[in-house]
There are 2 protein chains.
Amino acid sequence: MARKAGSHAEITGPAIREAALKLFARSGYAAVSMREIAAEVGVQAGALYLYTPDKQTLLFELMRGHLEDLLAAWADIPEAGAPADRLEAFVRFHLGYHLNRPDAVFLAYMELRNLTPENFAVIEGLRRRYEAELEQILIAGHEDGSFRMPDARVTAMAMIAMLAGVHVWYRPDGRLTPDRIERIYVRLARRMVKA
Amino acid sequence: MARKAGSHAEITGPAIREAALKLFARSGYAAVSMREIAAEVGVQAGALYLYTPDKQTLLFELMRGHLEDLLAAWADIPEAGAPADRLEAFVRFHLGYHLNRPDAVFLAYMELRNLTPENFAVIEGLRRRYEAELEQILIAGHEDGSFRMPDARVTAMAMIAMLAGVHVWYRPDGRLTPDRIERIYVRLARRMVKA
DNA sequence: CTGATATCTGAACGCACGTTCATATTAAAG
DNA sequence: CTTTAATATGAACGTGCGTTCAGATATCAG
């Protein structure tokens with residue numbers, strides 16, 4: 001864990017983000033000290049400030065990076081297909097992406113309160129953009145008659161919450177494989193819109 | 001807000017819990033100091049220790065009280081009826097109870113990490129008991145053939161997450177009344193089990 | 001009014017925090 | 001080998017934390 005001074009500057013930055021992500025996810029932003037993060041990286045606390053202006057920015061960049069990666073990854077998936085197919089693609093994408101990044105998901109959903117108001121506004125905007133993607137699919141299905149649902153906005157929020165809830169109980173070594181879980185949630189999502 | 005010393009002991013305890021609940025829900029357990037709680041009550045920090053042994057116990061009692069009240073309130077509702085009716089009753093109960101206690105719900109779902117391991121075990125046990133109530137309804141419906149679903153356990157978790165997610169966007173002065181929200185979620189829940 | 005008891009204050013405790021900075025060490029270039 | 005710039009140390013800073021407690025104040029029974 002200990003490293004020699006002056007070396008490996010090109011990997012210290014990412015190592016700090018990785019350590020902070022792991023510790024923030026495990027214990028919460030407020031409960032993790034800069035000294036703990038530094039110890040995880042194998043460095044003294046002062047050295048962290050070569051790579052980040054302060055602790056708040058560290059949290060913010062972690063969350064922003066996660067959400068921007070998420071949006072970019074979703075943007076890479078072709079939009080073609082009927083609403084029912086796009087809904088299935090969204091559910092599979094969301095679960096596949098999130099099951100592989102439990103720490104980042106935890107952070108993005110649990111640490112919003114610890115952002116400064118300006119940073120919160122940025123993160124909240126990114127989150128809304130992602131939720132709007134699902135809402136658009138539901139609206140498209142409603143408009144072409146392939147979906148029937150009580151309220152597109154509420155149904156979208158209910159579906160997002162249902163999907164996000166997976167991270168509460170999912171364990172890589174648990175009873176169900178990711179693919180099996182994806183199939184179950186695709187069925188549940190389809191039923192919610194009667195597709 | 002300031003109160004005379006020596007008076008009103010019989011209301012100070014509840015007032016402290018109320019203040020702590022409000023502040024913990026707003027800013028998070030770690031971000032709220034005992035001095036802030038005391039100021040909200042109109043008292044000096046030292047006086048809090050007449051009513052609670054420490055800050056951790058304050059959080060724990062808040063969460064335990066909420067979950068025990070929740071379980072007691074659900075136990076008061078008659079068990080009679082077909083699984084589909086019991087499912088509707090559960091959804092309506094859950095939303096009705098939670099929409100009126102946004103702070104307690106927030107606490108119970110967000111502050112688990114700030115409990116000591118022993119306290120966490122107690123709270124987690126209560127939470128599982130509540131979730132098991134829904135799971136039992138789903139299993140009963142599966143056994144009598146009135147529900148069809150991919151996996152009772154996963155469906156129960158998905159449904160709980162969907163219901164719990166309401167607190168993220170619900171506002172008392174928003175577009176939808178509690179009754180309208182309840183009806184929407186009853187429909188969504190029914191669809192998830194094809195009832 | 002007199003004590004006894006419950007309640008609260010306000011100062012203090014030791015500690016851990018985020019952050020800074022003078023100094024030391026290292027790597028890389030000439 | 002020498003110089004320079006990048007990188008890291010480790011001590012120190014001011015602050016605010018949870019908690020304690022001696023002393024002040026209020027209530028109330030007799």
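Letters A, B, ... are given to chains in the order of the sequence lines, protein chains preceding strands, and every chain is numbered from 1.
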His167(A) atom NE2, neighbour heavy-atom count above 12 within 6.0 Å: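 Counting other residues, nucleotides and ligands, NE2 of His167(A) exceeds 12 neighbours.
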
Residues that Arg64(A) engages under side-chain hydrogen bond (donor to acceptor under 3.5 Å, both in side chains), provided they are two or more places apart: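 Scan of Arg64(A) (side-chain hydrogen bond (donor to acceptor under 3.5 Å, both in side chains), adjacent residues dropped) gives Glu61(A).
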
Pairs where residues 173-195 of chain A contributes a residue and the test ring-ring contact (aromatic ring centres under 6.0 Å, His included) is met, not counting sequence neighbours: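 Listed once each, the pairs would be none.
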
Using a 3.5 Å cut-off and no angle test, enumerate the donor-acceptor pairs between side-chain atoms of residues 125-135 of chain A and protein atoms at least two apart in sequence or in another chain.
from	atom 1	to	atom 2	distance (Å)
Tyr130(A)	OH	His94(A)	ND1	2.7
Glu133(A)	OE1	Trp74(A)	NE1	2.9
Glu135(A)	OE1	Arg153(A)	NH1	2.6

Thr12(B) side-chain N/O to dA6(C) phosphate OP1/OP2 under 4.0 Å: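 So the side chain of Thr12(B) is outside the cut-off, no N or O lying under 4.0 Å from OP1 or OP2 of dA6(C).
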
Set of residues satisfying side chain to side chain contact (heavy atoms under 4.5 Å, CB included) with respect to Asp179(A), sequence neighbours excluded: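 Asp179(A) satisfies side chain to side chain contact (heavy atoms under 4.5 Å, CB included) with Arg92(A), Thr177(A), Arg183(A) only.
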
For Ala20(B), side chain to side chain contact (heavy atoms under 4.5 Å, CB included) partners two or more places apart: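 Partners of Ala20(B) by the side chain to side chain contact (heavy atoms under 4.5 Å, CB included) criterion, ordered by chain and then number, come out as Phe24(B), Ile37(B), Leu58(B), Leu62(B).
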
For the pair made of [atom1] in [X] and [atom2] in [N], what is the distance, rounded to whole Å?
X        : N       : atom1 : atom2 : value
Leu59(A) : dC17(C) : CG    : C1'   : 17 Å
Leu50(A) : dA27(C) : CG    : P     : 16 Å
Ile11(B) : dA6(C)  : CD1   : C1'   : 15 Å
Gln44(B) : dT9(C)  : CD    : P     : 5 Å
Ile37(B) : dG16(D) : CD1   : P     : 17 Å

Per-nucleotide protein contact string for nucleotides 17-24 of chain D, where B marks a base within reach and S marks sugar-phosphate only (heavy atoms under 4.0 Å, - for neither): BBBB----

